[in-house]
There are 2 protein chains.
Amino acid sequence: MVARMHHSASPRKGRTGRPRSTEADRAILDATRAALVDLGWGKLTMSDVAARAGVAKTTLYRRWANKNELVVDAVAVLFDELELPDRGCLQSDIEGVVLQFGALLARPETKTALMAVVAESTADEALRERIRSAIVDRQKRLVILGRERAQQRGELPPDRPGPAGEQAAAQAIGLTFDLIAGAIVHRTLVTAEAVDTAWAHQLSTVLIRGLGGLG
Amino acid sequence: MVARMHHSASPRKGRTGRPRSTEADRAILDATRAALVDLGWGKLTMSDVAARAGVAKTTLYRRWANKNELVVDAVAVLFDELELPDRGCLQSDIEGVVLQFGALLARPETKTALMAVVAESTADEALRERIRSAIVDRQKRLVILGRERAQQRGELPPDRPGPAGEQAAAQAIGLTFDLIAGAIVHRTLVTAEAVDTAWAHQLSTVLIRGLGGLG
DNA sequence: GCAGTTACGCTACGGGTCGTAGCGTAAGAG
DNA sequence: CTCTTACGCTACGACCCGTAGCGTAACTGC
C-alpha cells in the first residue's frame with residue numbers, strides 16, 4: 001500500500017504494547033475523503049477530520065506528520081481501482097481507460113485532493129516524490145501494459161532491440177502518459193467539462209493516429 | 001488587463017478624493033510573485049506580501065478580497081506573453097508554442113501559482129470562473145489562430161459550413177487545447193521533467209498526425 | 001486657499017488553525 | 001501482573017486571517 005510513517009509501517013511482530021487501531025486508520029482516511037468533499041482543501045482542518053473519525057486530534061498526528069501526508073495517503077488508494085480493459089483493439093482499450101480515469105476525476109474527493117496535493121508539491125520536493133511513488137508511477141503500468149498488448153496484436157511495431165530502442169520506448173511511454181493523463185486532468189479541472197464517450201473517442205482517435213509510428 | 005475589484009477598475013475621471021496608488025498596485029503584485037517563489041502557496045501570507053511591498057496589510061484588503069483573488073491577478077499577466085510564432089508550417093508553430101509554454105511553466109512563480117489557484121478552484125466555482133476568463137480562455141486564442149493559419153496553408157481541411165461544422169470545429173479546438181496544455185502541465189508539474197526541444201518535437205509530431213483528419 | 005472625499009499607514013483585535021505537551025487510562029505482550 | 005505502547009482529553013503558544021478605528025496624506029472642486 002502506501003508508505004505510512006517514519007516509525008513503523010505494519011504492526012511488526014516483535015512489537016510490544018498496545019497496537020495501533022486499524023479501525024482508527026480506516027476511519028481517519030474515510031473521514032479525510034469525506035471532509036475533502038464537503039470542505040475542499042483550503043477549509044479542511046485536522047480537528048474536523050478527527051471529529052468526523054471519532055478520534056482525538058493527537059491520534060492523527062501520531063500517524064501523519066501533517067495535512068499533506070494524510071491527504072496523499074487518503075487519496076492514493078482511489079487510483080488503484082483503475083484497470084486496463086481488454087476490448088480487443090488498442091483504440092477501444094484507450095477509450096476504456098480514459099473513461100475510467102475521467103469518472104474517477106469527476107468524483108469530488110479525487111478532484112480536490114489530487115489538485116491540492118499536486119499544488120502543494122510544487123514547493124515541496126519530498127511531497128512530490130511521495131506523490132510520484134504513491135500515485136503517478138503506479139498508474140504508468142496502464143500505459144506499459146496497453147502498449148505491450150498492442151505490440152502483441154501487431155497494432156504497434158515491436159521495440160527495437162538495444163539501449164537505443166529501450167530509450168525510445170521509455171520516451172514513448174512517458175509522452176503517452178503525459179498526453180492521456182494531462183488531457184483528462186486538464187479537461188476535468190481547467191476546462192471543467194465532462195469526459196464523456198464522445199470526447200474519449202476523439203481523444204483515442206488522435207492518439208492512435210499520432211502514436212502509431214513513434215516506436 | 002484583469003478585472004480588479006468590485007468598486008471600480010481604472011481611476012474614473014469623475015472621481016474625487018485621493019487616488020489609488022498605482023505604484024502600490026505594482027509593488028503588491030510583484031511582491032506576491034516573489035513571495036510565491038520563496039514560500040510557495042501554503043506558506044504565503046498576506047502580512048508577508050504587504051511587508052515585501054512596503055505597504056500596510058490593509059491596503060491589500062482594500063484591493064483584493066482574499067488571497068486567491070490576489071494570486072490570480074498576480075499570475076494572469078504572466079500568461080499574456082505567450083505568442084504563436086510563424087515558422088512556416090503547423091508543426092513548427094506548435095513546437096514553438098509548446099516550448100514557450102514549457103518555459104513559462106518552468107518558472108517557479110508560474111508553476112506554483114497556477115497549480116495552487118487551480119487547486120483552490122476545485123471547491124470554488126467563482127474562482128474557477130475567474131481563472132477561466134483571466135487565463136485559460138485568453139490562451140485558447142493560440143489554438144484558434146494556429147488552426148486558421150494551417151487551414152489557409154492547406155495543412156488542415158477547412159471547416160465544413162453550417163452549424164454541424166462549427167460544432168465540430170469547436171470540439172476540435174477544445175480537444176487540441178486540452179491535449180497541448182494538459183500534456184505540458186502534466187509533464188512539468190507531475191512528471192517533473194523538462195519541456196525540451198526533443199520532447200516538443202515528439203509532441204508536435206503526434207499532434208500533427210493525430211489531428212490531421214479530425215475536421 | 002479650503003472643505004470634501006478617498007486612500008494610506010498603523011495598531012489592535014476576535015476568531016480560527018496548527019502542531020505539541022502532559023496526563024490519566026485502555027489494550028495487548030510476556 | 002508488569003511493561004510497553006496507543007488512546008482520549010485538555011490546554012497551550014504561535015501563527016495567520018480579515019476587520020475596525022484612528023490620524024494623516026493626497027487629490028478635486030469650489
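- Residue B:Thr58 places no side-chain atom within donor-acceptor reach of the base of C:dC8, judged by atom type and a 3.5 Å distance cut-off alone.
- You'll find the side chain of B:Lys67 stays beyond 4.5 Å of the side chain of B:Leu70, heavy atoms only.
- Closest contact between the side chain of A:Thr16 and the listed nucleotides D:dT4, D:dC9, C:dG4 involves D:dT4.
- Here the side chain of A:Arg187 pairs a donor or acceptor atom with the backbone of A:Ala194 at under 3.5 angstrom.
- Taking the charged nitrogens against the carboxylate oxygens, A:Glu23 and A:Arg26 have no contact shorter than 4.0 Å, which rules out a salt bridge.
- The distance between atom CD of B:Glu23 and atom P of D:dA25, rounded to the nearest whole Å, is 17 Å.
- Taking the nucleotide of DNA chain D with the nearest heavy atom to each of A:Gly17 and A:Val55, the more 5' of the two is matched to A:Gly17.
- At a threshold of 4.0 Å, the pair A:Asp80-A:Arg138 counts as salt-bridged, since one of the basic side-chain nitrogens sits closer than that to a carboxylate oxygen.
- Surrounding CD of A:Glu83 are at most 12 heavy atoms belonging to other residues, nucleotides or ligands under 6.0 Å away.
- For a distance-only test at 3.5 Å, the side chain of B:Arg62 fails to qualify as a donor-acceptor partner of the base of C:dA7.
- As judged by a 4.0 angstrom heavy-atom cut-off over every strand, A:Gly42 is placed among residues making no nucleic acid contact.
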Spell out protein contact along nucleotides 11-18 of chain D as letters: B when the base is contacted, S when just the sugar-phosphate is, - when no protein heavy atom is under 4.0 Å; keep the 5' to 3' order. -----SBB

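- Pairing each heavy atom of B:Ser47 with each of B:Lys57, the nearest pair is OG-CD, 3.5 Å.
- No donor-acceptor contact under 3.5 Å links the side chain of A:Arg20 to the base of C:dG28.
- For B:Arg63 and C:dC8, the shortest distance from a side-chain N or O to OP1 or OP2 is below 4.0 Å.
- If you measure from atom CZ of B:Arg18 to atom C1' of C:dA7, you get 5 Å, rounded to the nearest angstrom.
- Between A:Thr59 and the phosphate of D:dG8, there is a side-chain N or O to OP1/OP2 separation shorter than 4.0 Å.
- Backbone-only engagement by A:Ser21 is indicated by non-hydrogen atom pairs under 4.0 Å involving sugar-phosphate atoms exclusively.
- Atom C1' of nucleotide D:dA6 and atom CD1 of A:Ile28 are separated by 12 Å, given to the nearest angstrom.
- B:Leu142 CG to B:Phe101 CZ: the interatomic distance, rounded to the nearest 0.5 Å, is 9.5 Å.
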